Number of protein chains: 2
Amino acid sequence: MDVRADTRARLQQAALELFTRTGFEQVTADEIADAAGTSRRTFFRCFATKADAVWGEFGAHVARLERLLAATREDQPVLASICAAYVEVNDYADGDLPILRQRMALILGEPALQAHAQVRYADVDRVVAEHVARRLGQTPDALLPRLVATSTRAAATTAFEVWLADGTTTLAAALHAAFDQLALGFPDLRPPSA
Amino acid sequence: MDVRADTRARLQQAALELFTRTGFEQVTADEIADAAGTSRRTFFRCFATKADAVWGEFGAHVARLERLLAATREDQPVLASICAAYVEVNDYADGDLPILRQRMALILGEPALQAHAQVRYADVDRVVAEHVARRLGQTPDALLPRLVATSTRAAATTAFEVWLADGTTTLAAALHAAFDQLALGFPDLRPPSA
DNA sequence: GAGGTTAGTGACACCCAGTGCCACCGGGCA
DNA sequence: TGCCCGGTGGCACTGGGTGTCACTAACCTC
């Protein structure tokens with residue numbers, strides 16, 4: 001019932017390559033399957049959606065984020081704990097950075113993939129909101145847990161965008177810069193600029 | 001080349017109705033067209049996507065937001081100006097609230113529509129980022145303008161969610177509550193809770 | 001009032017994503 | 001050798017979205 005790991009890996013690699021070269025919408029599932037030396041039917045057994053081929057092991061990613069948040073020390077400020085967890089989860093080895101760049105360029109650049117990302121990010125938001133709710137003694141669907149979850153994810157996404165566009169800064173540095181702004185209520189735009 | 005306004009209105013109404021009753025994925029474009037007394041082909045001339053039938057005149061909405069932001073006084077804090085613009089754009093007459101609730105329940109509840117929303121919201125983000133960039137003398141793709149745009153939209157979305165789930169608070173009140181938290185750097189979770 | 005233009009529409013054919021179903025193939029196992 | 005079973009390929013089908021053409025009704029001109 002399951003899928004052989006190398007078949008999945010070949011499909012993922014082929015998909016990433018073709019999407020980057022030709023554009024997400026232009027590539028058909030048949031072409032990916034051909035490039036990976038397998039069939040269209042097998043592609044859709046590995047990935048529920050064409051878009052899912054771009055996301056590696058994102059489920060494991062979210063699970064790891066959840067564990068990190070659960071292990072947070074109580075005396076650490078909540079935003080700092082979330083920032084630290086985001087930084088740790090996204091601490092890739094140098095050798096993995098090119099693939100990460102390729103993946104994120106697609107996700108942040110292709111409209112269809114941006115849309116799909118929303119569904120995947122909903123899991124992240126849920127995990128973060130539960131963490132905040134636990135720390136605050138509120139329910140996860142109250143205003144504050146929800147708001148912290150969505151705005152910290154907004155910060156993380158923005159950090160990824162500038163990291164991707166810039167090329168000189170570290171991903172960790174970009175994440176810290178974004179979270180600092182958020183945690184301080186955007187001090188840089190506090191003084192009326194006139 | 002254009003589409004008759006009442007055809008579009010009938011289709012939109014039928015779509016909203018059917019989506020709410022049966023669920024977005026369960027309704028086919030044919031069924032919507034039949035319910036509106038027209039053809040499938042005409043449906044796709046009115047709306048590029050099945051999902052687009054849920055969004056009313058969202059383009060006009062964004063344009064109005066842009067005008068409001070452009071007319072902002074220079075001595076008003078940036079976040080306050082954005083909050084005021086969001087509140088004003090979402091200041092519906094009481095008679096329009098039921099339709100708004102219906103629309104937002106679909107957009108926030110159906111995964112496929114959540115995904116599609118990301119594409120529409122990208123326009124909002126661009127407009128807000130340009131406003132912030134103008135006020136700060138930065139480019140719209142710098143960290144701070146992007147971050148303010150995405151996190152204020154996160155705040156607005158969260159406000160919509162609690163407004164929808166709650167039923168007692170005003171939309172304006174929910175927006176102000178969310179923006180206040182954001183502008184102050186989440187003071188409610190500042191003290192280490194231990 | 002006849003003839004031409006034009007916008008809106010409907011009908012049909014097509015491409016492609018995604019799914020259900022079944023047949024096949026290869027390897028472990030009695 | 002015969003059986004079982006996980007991975008796979010082929011096939012047909014649904015449904016979203018598009019390009020094309022033919023039709024119709026209004027409007028305009030002579």
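Reminder, nothing fancy here: chain letters follow the sequence lines and each chain counts from 1. All values reported here derive from a predicted model rather than from experimental measurement.
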Side chains of residues 103-112 of chain B: which donor-acceptor partners sit under 3.5 Å, not counting sequence neighbours?
| from | atom 1 | to | atom 2 | distance (Å) |
| --- | --- | --- | --- | --- |
| R103(B) | NH1 | V54(B) | O | 2.8 |
| E110(B) | OE2 | F24(B) | N | 3.1 |

T42(B) vs dG10(C): side-chain N/O to OP1/OP2 distance below 4.0 Å: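 Yes, such a contact exists.
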
N/O (side chain, T38(B)) to phosphate O (OP1/OP2, dG10(C)) under 4.0 Å: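 Yes, because at least one side-chain N or O of T38(B) sits under 4.0 Å from OP1 or OP2 of dG10(C).
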
Is any side-chain N of the basic residue among [X] and [Y] closer than 4.0 Å to the acidic one's carboxylate O?
X: R126(A); Y: E130(A); answer: yes
X: D52(B); Y: R120(B); answer: yes
X: R8(B); Y: E57(B); answer: yes

Distance check needed: [N] [atom2] versus [X] [atom1], whole Å only.
X: R10(A); N: dG7(D); atom1: CZ; atom2: P; answer: 14 Å
X: L113(A); N: dA17(C); atom1: CG; atom2: P; answer: 13 Å
X: I32(A); N: dC16(C); atom1: CD1; atom2: C1'; answer: 12 Å
X: L11(B); N: dG8(C); atom1: CG; atom2: P; answer: 14 Å

Table please: side-chain donor-acceptor pairs of residues 170-182 of chain B below 3.5 Å, with sequence neighbours left out.
| from | atom 1 | to | atom 2 | distance (Å) |
| --- | --- | --- | --- | --- |
| H176(B) | ND1 | A172(B) | O | 3.2 |
| Q181(B) | NE2 | D188(B) | OD2 | 2.8 |

Close aromatic pair by centroid cut-off 6.0 Å: W55(A) and F19(A):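 No; F19(A) has its ring centre 6.0 Å or more from that of W55(A).
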
Donor-acceptor pair present, R8(B) side chain and dG8(C) base, under 3.5 Å: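 Flag unset: no donor-acceptor pair detected.
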
Atom pairs, protein N/O to nucleotides 15-18 of chain D N/O, distance under 3.5 Å:
| from | atom 1 | to | atom 2 | distance (Å) |
| --- | --- | --- | --- | --- |
| dG16(D) | OP1 | V27(B) | O | 3.4 |
| dG16(D) | OP1 | K50(B) | NZ | 3.3 |
| dG16(D) | OP2 | A29(B) | N | 3.3 |
| dG16(D) | N7 | R40(B) | NH2 | 3.4 |
| dG17(D) | OP2 | K50(B) | N | 2.7 |
| dG17(D) | N7 | R40(B) | NH2 | 2.3 |
| dG17(D) | O6 | R40(B) | NH2 | 2.9 |

